Amino acid sequence: MSTKTERIIGAEAVVRALLEEGADLAYGYPGGAIMPIYDELYKYQDKLQHVLTRHEQGAIHAAQGFARVSGKVGVCLATSGPGATNLVTGIADAQIDSTPLVCITGQVASHLLGTDAFQETDVISISAPVTKWNIQVTKSQDIPAAIAKAFYIAKSGRPGPVLIDITKDAQLGELDYAYEKCTGVRSYKPIPETNIEKVKEAATLINAAKKPFIVFGQGVILGEAEAELKALIEKSGIPSAWTVLGLSALPTDHPLNVGMVGMHGHYGPNKLTNECDLLIAIGMRFDDRVTGTLDTYAKQAKVIHFDIDPAEIDKNVKTDVAVIGNAKDTLAKIVPFINDAKHEAWHNEFKEYRKIEDEAVIIPQLEPTKEGLTMGEVINQVNKETNGDAVIVSDVGQHQMFTVRYADFTTTRSNVTSGGLGTMGFALPAAIGAKMGAPEREVVAYIGDGGYQMTCQELGTILQTGAAVKIVVLNNEFLGMVRQWQQLFFDKRYASTVMTNPDFIKLAEAYDIKATKVVKREDLAGAVKEMIASKESYFLEVMIEKEDNVFPMVPTGASVSDVRLS
């Protein structure tokens, strides 16, 4: 923290403030309104690495991947107008998935604001609904305090994206620079105080329950509460399931981990949600993809909700006991009040449903009888080579649901995907960011042929940075998830979902990336082995059975009890 003042320009203040906050990596794309900041980045490139992506959306998704894996605040920069608006999808994605980001956009000079000047857009109004906080800075002396506040808000409490829009004259104007980190904001209480009486009430319900069921979400990971969750589960003996973003908080092979809930979750967790007598939600928000129709969701059960955000309590599901606070603190507080228990008969019910699902869905995926390859067997082959230790990044669609169902995880912060917004094109740039956030770890990106073509220009970022990302395109020559719905609910009218694709191998090779295409099952194991063994980036295209559907499935508007196996 710098207390001695120096006379510098606003653009340099931006870079120095980022360094004060521990940022040593930023993603972005330069342009006219942010050129002064880029000029200072050039001067400080030995301290703050800037990664030039090929599109601003690539920059923000890369920042998301970096933040999700590293636990740090992701930083991205863009110019005004289209540069700023190209960030908006990623900002919305980060907001709904609680990803901490600081986004800095250039803006036209303050005397031009409101004149429809070249590349002027009111990014403050545009981004207000999808940011945790945003601000426009028109005076250079306000830059340090704005950045300090941005980092504090982005990473505290329930994390999220913030945006700072800085006019060009503020970047060029001089200020007496000194930096003081933000430690609080009036009326903003990021971690509400936990009521110990509510903790005791929750413990009483848990100890009395005959069929308790835990559903944990990303709040466990964001709160660094993995050890506390494990302690609660193991002491209470409660079967536990994950949401898509909660995946990897608990190892997938843990004996009390019963699988995933939700639209494409496992059979038992969905069915037994409506048979448990106590539902314990930890760091999750009862998203509609988890609950199905709320009219029939867990109506027989009492509900305990652990969450850091009071706004989530009773928003979708009525709660009997709400325990507000950071999961690391609240779970640690409740464990001493919990009785040792096993719930073996109840857990056996999950096992019986798993047997049914294995026979109908999982074994046919992993040991297929059809000639065509399945997504499940590809993911399983990667599991064998990585032992569940890799960071897995998935795009959006069928392959995403196959990935979160079939990938193995031993380590937290290993599952990176677009959950709430469902942004196609997320995976490739997010995988680049994830690799930079955890350079010592293997990073594998699963992408569909549709989503891949939305951001495949980021192969250029891999070429320029050398990021050793392993890219697996699961190619069924369809927009697979939409096609599945068309098959099931629209009498196979495949309207605008058939994909005519380019030669993906030639495309990868054009960016100097080693590439292999697998069509036959007997070639899969060797190709995966070669990919994982590579010390550089690698592209693997696998041709998948065209009508390889992901089940179980809860149809839209149905109860979780109506989960289908076919």
Side-chain angles (χ1 to χ4, degrees), residues 96-98 198 201-202 205-206 208-220 229 233 236 238-247 249 257-324 327 343 346-347 349-350 352-354 356-357 401 404-405 419-422 485 488-489 550-565:
I96 200 166
D97 283 355
S98 302
K198 293 295 183 182
E201 285 181 40
L205 288 179
I206 291 172
K210 302 300 182 187
K211 292 185 174 184
F213 180 37
I214 289 173
V215 178
F216 59 91
Q218 190 185 205
V220 173
L229 173 70
I233 289 171
S236 65
I238 299 176
S240 302
W242 71 78
T243 67
V244 166
L245 294 185
L247 177 56
N257 190 337
V258 295
M260 185 173 79
V261 291
M263 178 171 280
H264 291 288
H266 290 88
Y267 196 46
N270 275 320
K271 281 281 192 182
L272 295 175
T273 293
N274 282 352
E275 294 183 29
C276 67
D277 60 5
L278 178 66
L279 180 62
I280 306 154
I282 304 174
M284 55 86 79
R285 56 188 178 84
F286 290 112
D287 175 76
D288 64 293
R289 287 293 172 109
V290 166
T291 65
T293 178
L294 288 169
D295 294 341
T296 59
Y297 183 75
K299 292 299 181 183
Q300 79 296 336
K302 290 192 176 297
V303 177
I304 300 171
H305 194 172
F306 290 80
D307 209 282
I308 198 170
D309 187 353
E312 293 298 341
I313 304 301
D314 295 332
K315 186 177 81 174
N316 295 323
V317 172
K318 180 67 178 173
T319 301
D320 292 279
V321 178
V323 182
I324 307 296
H343 297 292
W346 172 232
H347 193 70
E349 293 189 41
F350 286 89
E352 288 303 314
Y353 274 114
R354 184 58 183 258
I356 295 169
E357 184 181 358
M401 293 297 101
V404 294
R405 283 177 49 82
L421 198 63
W485 282 51
L488 298 175
F489 308 116
V550 56
F551 287 104
M553 179 180 183
V554 179
T556 297
S559 167
V560 290
S561 298
D562 297 327
V563 57
R564 295 171 50 169
L565 289 174

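For clarity, every value in this text was computed on a predicted model and none was experimentally measured.
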(request) Measure from the side-chain N and O atoms of E312 to the backbone N and O of M284, and report whether any donor-acceptor pair falls under 3.5 Å. (result) no

(request) Using atom types as modelled and distance alone, determine if a side-chain donor or acceptor of D277 lies under 3.5 Å from a backbone N or O of K210. (result) yes

(message) Any non-hydrogen side-chain atom of E349 less than 4.5 Å from a side-chain atom of L272?
(response) yes

(request) For T319 and A322, indicate whether the former's side chain and the latter's backbone hold a donor-acceptor pair under 3.5 Å. (result) no

(message) Testing the basics here: between Q218 and D97, what is the closest heavy-atom pair and its distance to 0.1 Å?
(response) NE2-O, 2.9 Å

(request) Working to the nearest 0.5 Å, report the span between CZ of R564 and CG of L488. (result) 5.5 Å

(request) Just do the side chain to side chain contact (heavy atoms under 4.5 Å, CB included) check on I304 and D320 with the steps written out, would you? (result) CA-CA 6 Å; I304 300 171; D320 292 279; 6.0 Å; no

(message) Assess the residue pair V258 and W242 against the criterion (side chain to side chain contact (heavy atoms under 4.5 Å, CB included)); give the C-alpha distance rounded to whole Å, side-chain angles, the decisive distance to 0.1 Å, and a yes or no.
(response) CA-CA 8 Å; V258 295; W242 71 78; over 6 Å; no

(request) Kindly say whether P212 contributes a backbone atom to a donor-acceptor pair with the side chain of W346 at under 3.5 angstrom? (result) yes

(message) Quick check against the 3.5 Å criterion: does D307 have a side-chain atom that pairs as donor or acceptor with the backbone of I313?
(response) no

(request) Can you see which heavy atom on A202 is nearest to which on V323, and at what distance? (result) CB-CG2, 4.0 Å

(request) Hey, could you give me the OH/CG distance between Y353 and L565, rounded to the nearest 0.5 Å? (result) 10.5 Å

(message) Do R285 and I96 make a side-chain contact, defined as non-hydrogen atoms from C-beta onward lying under 4.5 Å apart?
(response) yes

(message) Could you work out, with ring-ring contact (aromatic ring centres under 6.0 Å, His included) as the rule, every residue matching F551, not counting sequence neighbours?
(response) none

(request) Could you tell me the separation between the NZ atom of K211 and the CD atom of Q300, rounded to the nearest 0.5 Å? (result) 9.5 Å

(message) For a 4.5 angstrom cut-off between non-hydrogen side-chain atoms, does T243 reach V215?
(response) yes

(request) Identify the heavy atoms of A327 and G219 that sit nearest to each other, and give their distance. (result) CB-O, 4.2 Å

(request) Please report the shortest heavy-atom distance between T291 and F286, naming the atom on each side. (result) CG2-O, 3.8 Å

(message) Assess the residue pair I238 and I233 against the criterion (side chain to side chain contact (heavy atoms under 4.5 Å, CB included)); give the C-alpha distance rounded to whole Å, side-chain angles, the decisive distance to 0.1 Å, and a yes or no.
(response) CA-CA 6 Å; I238 299 176; I233 289 171; 5.7 Å; no

(request) Could you tell me how the ring of W485 sits relative to the ring of F489: parallel (under 30°), tilted (30 to 60°) or perpendicular (over 60°)? (result) perpendicular

(message) Please report the interatomic distance NZ(K299) to NZ(K318), rounded to the nearest 0.5 Å.
(response) 11.0 Å

(request) Looking only at non-hydrogen atoms, find the nearest pair between D562 and P555 and report the distance. (result) O-CD, 4.0 Å

(message) Just so I know, are the side chains of M260 and V404 near enough to count as touching, which here means a heavy-atom distance under 4.5 Å?
(response) yes

(request) Could you tell me the separation between the CZ atom of F306 and the CZ atom of F216, rounded to the nearest 0.5 Å? (result) 14.5 Å

(message) Is any side-chain heavy atom of S240 closer than 4.5 Å to one of N257?
(response) no

(request) Could you pull out the closest heavy-atom pair between P269 and V261, with the gap in Å? (result) CB-CG1, 3.8 Å

(message) To the closest 0.5 Å, what do you measure between CD (E201) and CD1 (I206)?
(response) 12.0 Å

(request) Name all pairs fulfilling the side-chain hydrogen bond (donor to acceptor under 3.5 Å, both in side chains) condition that reach into residues 264-276, sequence neighbours left out, sorted by first residue then second. (result) N274-S559, N274-S561

(message) What I want to find out is whether D287 reaches R289 closely enough, with some N-O distance under 4.0 Å, to be called a salt bridge.
(response) no

(message) With heavy-atom distances below 4.5 Å as the criterion, would you say the side chains of H305 and D314 are in contact?
(response) no

(message) Within the structure provided, determine whether R405 and V550 are in side-chain contact (heavy-atom separation under 4.5 Å).
(response) yes

